[in-house]
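Following: one structure in structure tokens, then a few remarks.
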Amino acid sequence: VTTVALKDVTKVFKDGTLAVDSINLDVNDGEFMVLLGPSGCGKSTVLRMIAGLEDPTQGAVLLDGELANDLPPRDRKIAMVFQDFALYPHMTVGDNIAFPLRLAGVEPTPRGERVTDVASALGIGDVLARKPGQLSGGQRQRVAMGRAIIRRPGLFLMDEPLSNLDCGLRAELRAEISGLTRELGVTTVYVTHDQAEALTMADRVAIMRRGVLQDVGTPTQVYGR
Ligand code: ADP
Ligand code: ADP
């Protein structure tokens, strides 16, 4: 998958919460789109609907131009990184990164080569034998990214991936993430409540408030207005 289109997408949860209110958004091939807004405005819900983890109450989610509302998450060729990383604590870094390839039945030799390539691109080539508990927060984040991109997805979804890290590391990883996704040419939707993050990373920013999309444009367009 390389493009996303949301057409009048609405999400009302069972308890009556209107989390997303008739949103229209196009994400282009290779674009780095940042979904920006305060906590509770519906960003994660939008991301989860793109991933297929939540069903829209109304409207259409199109992936590569095709209606995807009923497509199960595993058939969407999408990778997702969450703020808690969700690494397997009992596995080494190398096995964590290799895990999606193992599930896909890739043989050990090409698997090892891909893991080495991805790990060195992320600057964690020297910690492959460690367990996640023996890593810094930044290294854990890199492992989570490595595991997400190892199958070369066309679409990369990130939900506040830096929010648990300290300030200096956040700035460093911002540059690293946007550099890496551009190098890979992977379309990215990145959720954050941090305006500085949005401004430094985004090709375009989509600003959300209370379930509604307020504005979409390049950082200059959105903040120049
Ligand atoms: P954000 O990612 O911007 O913090 P969310 O998408 O997580 O916002 O949540 C949007 C709104 O929907 C919030 O009011 C939240 O409490 C509510 N919400 C999220 N998930 C559920 C759920 N499973 N059931 C009911 N309400 C939910
Ligand atoms: P976020 O980091 O996006 O703000 P939250 O802390 O709002 O995440 O939500 C974490 C989890 O709890 C999500 O899976 C979300 O769907 C669920 N959730 C959030 N609000 C509610 C709610 N009011 N009722 C039930 N589940 C909720």
Side-chain angles (χ1 to χ4, degrees), residues 1 4-27 31-63 68-74 76 78-87 137 140-141 144-145 148 153 155-167 169-170 173-174 177-178 181 186-219 221-223:
V1 170
V4 181
L6 305 177
K7 307 281 187 205
D8 290 318
V9 169
T10 292
K11 177 69 183 184
V12 182
F13 284 106
K14 276 197 212 85
D15 66 358
T17 304
L18 175 60
V20 175
D21 188 359
S22 196
I23 275 187
N24 287 284
L25 182 67
D26 285 301
V27 187
E31 184 171 42
F32 199 110
M33 173 71 79
V34 174
L35 211 50
L36 173 70
S39 179
C41 73
K43 308 179 296 296
S44 295
T45 304
V46 170
L47 211 63
R48 291 169 60 81
M49 287 193 285
I50 296 172
L53 301 172
E54 296 283 359
D55 292 324
T57 309
Q58 274 174 41
V61 175
L62 308 181
L63 300 175
N69 288 36
D70 297 324
L71 199 62
R74 70 183 133 73
R76 294 193 179 204
I78 287 174
M80 191 155 172
V81 172
F82 303 91
Q83 63 180 230
D84 61 2
F85 313 152
L87 300 176
R140 280 202 285 273
Q141 181 55 46
M145 284 181 55
L155 181 63
F156 196 15
L157 305 180
M158 288 192 265
D159 193 349
E160 307 253 8
L162 305 183
S163 60
N164 290 333
L165 304 177
D166 71 50
C167 201
L169 195 55
R170 262 204 321 261
L173 275 168
R174 253 183 225 159
I177 290 174
S178 51
T181 57
V186 60
T187 310
T188 305
V189 184
Y190 184 102
V191 161
T192 184
H193 62 268
D194 182 338
Q195 185 174 317
E197 226 166 86
L199 291 178
T200 52
M201 299 177 83
D203 291 322
R204 284 192 301 154
V205 188
I207 300 179
M208 276 190 84
R209 291 272 184 277
R210 296 168 182 268
V212 174
L213 208 53
Q214 275 198 332
D215 207 354
V216 186
T218 64
Q221 285 169 344
V222 167
Y223 290 99

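One is the number of the first residue; the rest follow in order along the sequence. In listed order, ligands and their atoms are each counted from 1. Keep in mind that this is a model prediction, so the values were computed, not measured.
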Item checked: N/O separation below 3.5 Å, Glu54 to ligand 1 -> no

Next item on the list: Using a strict 4.0 Å cut-off to heavy atoms of Lys43, name the atoms of ligand 1 that fall inside it.
Entry: 1 (P), 2 (O), 3 (O), 4 (O), 6 (O), 8 (O)

Margin query: Please check whether Gly40 reaches ligand 1 - meaning an N/O of the residue sits under 3.5 Å from an N/O of the ligand, judged on distance alone.
Written below: yes

Notebook entry, point to check: Should Ala19 be counted as touching ligand 1, given the test is an N or O pair under 3.5 Å?
Noted result: no

Check: Considering only heavy atoms, does Asp15 approach ligand 1 within less than 4.0 Å through its side chain, its backbone, both, or neither?
Finding: side chain

Note to self: On a heavy-atom basis, which atom in Arg174 and which in Ala196 lie closest, and how many Å separate them?
What the structure shows: NH2-CB, 4.1 Å

Check: Going by the order shown, which atoms of ligand 1 are within less than 4.0 Å of some heavy atom of Thr45?
Finding: 5 (P), 6 (O), 9 (O)

Next item on the list: Could you list the atoms of ligand 1 found under 4.0 angstrom from a heavy atom of Pro38?
Entry: 3 (O)

Notebook entry, point to check: Is a side-chain N or O of Thr187 found less than 3.5 angstrom from the main chain of Leu155, in a donor-acceptor match?
Noted result: no

Check: Any side-chain heavy-atom pair from Thr192 and Leu36 closer than 4.5 angstrom?
Finding: yes

Next item on the list: For Tyr190 and Thr181, run side-chain contact (heavy atoms from CB on, under 4.5 Å): C-alpha distance rounded to whole Å, both residues' side-chain angles, the deciding distance at 0.1 Å, then the answer.
Entry: CA-CA 11 Å; Tyr190 184 102; Thr181 57; over 6 Å; no

Item checked: Over all atoms of both residues, closest heavy-atom pair of Ala206 and Leu213 -> CB-CD1, 3.8 Å

Checklist line | Heavy-atom pair of closest approach, residues Pro153 and Val186 | finding: O-CG2, 3.3 Å

